[in-house]
Amino acid sequence: MASAAITSTSCYSTPLTIVSWNIAEAAPSFAAPSFSRRAKEAPRLIRECILRNQPPPDIIALQESPFPSFGTDVFEEQGYVSVGGTTLSHCGYVDLMLKKQLAEQSRPILLD
């Protein structure tokens with residue numbers, strides 16, 4: 001799994017941090033020491049990896065999520081909400097997560 005972090009400046013001169021990550025359906029490698037344990041821990045590991053940056057990202061874009069509510073299930077308790085997703089990807093789902101404060105100033109989008 002690879003991730004990319006980008007810092008940008010909006011038209012309001014407010015810095016935004018964005019993480020975009022193809023999580024490959026949150027599936028562990030077949031070479032993982034304990035496939036079943038890694039499968040259970042994958043959501044926590046993904047969450048910790050993304051949120052270890054300080055401050056945490058304003059926007060999280062997940063590609064190849066294993067199911068439509070994965071982003072919400074993994075990041076809702078940390079203050080993120082989904083503002084759009086799609087199943088048009090060749091593999092899994094795509095979800096765009098925003099910090100709740102940012103989402104309150106935004107409107108939902110359709111990614112279809």
Side-chain angles (χ1 to χ4, degrees):
M1 295 182 214
S3 67
I6 300 168
T7 301
S8 180
T9 304
S10 74
C11 61
Y12 300 107
S13 299
T14 303
L16 293 175
T17 304
I18 302 167
V19 172
S20 177
W21 194 354
N22 181 327
I23 60 171
E25 296 194 11
S29 163
F30 287 109
S34 171
F35 188 88
S36 61
R37 182 174 176 200
R38 283 289 302 271
K40 290 177 187 175
E41 292 183 5
R44 177 187 59 80
L45 294 170
I46 291 166
R47 179 178 54 247
E48 287 177 2
C49 186
I50 288 176
L51 298 179
R52 72 179 171 202
N53 297 312
Q54 292 301 319
D58 298 300
I59 301 168
I60 301 171
L62 299 174
Q63 301 88 45
E64 295 189 18
S65 294
F67 49 90
S69 65
F70 180 86
T72 298
D73 293 351
V74 173
F75 292 100
E76 184 174 44
E77 288 184 14
Q78 284 69 41
Y80 290 86
V81 296
S82 176
V83 294
T86 186
T87 58
L88 294 179
S89 174
H90 69 283
C91 184
Y93 302 89
V94 176
D95 198 2
L96 185 62
M97 309 291 299
L98 299 181
K99 280 186 177 177
K100 187 175 182 179
Q101 304 91 319
L102 184 59
E104 289 171 351
Q105 302 171 24
S106 306
R107 59 185 172 92
I109 60 170
L110 296 175
L111 299 176
D112 295 339

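Taken from OG1 in T17 to NZ in K99, the straight-line distance is 7.5 Å, to the nearest 0.5 Å. Going from atom CD of Q63 over to atom CD1 of I23 covers 8.5 Å, rounded to the nearest 0.5 Å. Rounded to the nearest 0.5 angstrom, W21 CH2 and I46 CD1 are separated by 5.5 Å. Residue I18 holds its CD1 atom at 11.5 Å from CD1 of I60, rounded to the nearest 0.5 Å.
Every residue two or more places apart in sequence or in another chain that forms a side chain to side chain contact (heavy atoms under 4.5 Å, CB included) with R44 is listed here: E41, R47, E48.
Contact record, A24 with N22: N-OD1, 2.9 Å, taken as the closest heavy-atom pair. The heavy-atom pair separating K40 from P43 by the smallest distance is O-CD, 3.7 Å. Across all their heavy atoms, L62 and G71 have their closest contact at CD1-CA, 3.9 Å. Of all heavy-atom pairs spanning P66 and Y93, the tightest one is O-CE1, 3.7 Å.
Linking Ile, Leu, Val, Met, Phe, Trp and Tyr residues whenever their side-chain heavy atoms come within less than 4.5 Å leaves L45 and I50 in two separate clusters.
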Run the side-chain donor-acceptor check on residues 74-85: report pairs under 3.5 Å with partners two or more places apart or on a different chain.
unit_1 : atom_1 : unit_2 : atom_2 : d
Y80    : OH     : P57    : O      : 2.5
S82    : OG     : D95    : OD1    : 2.5

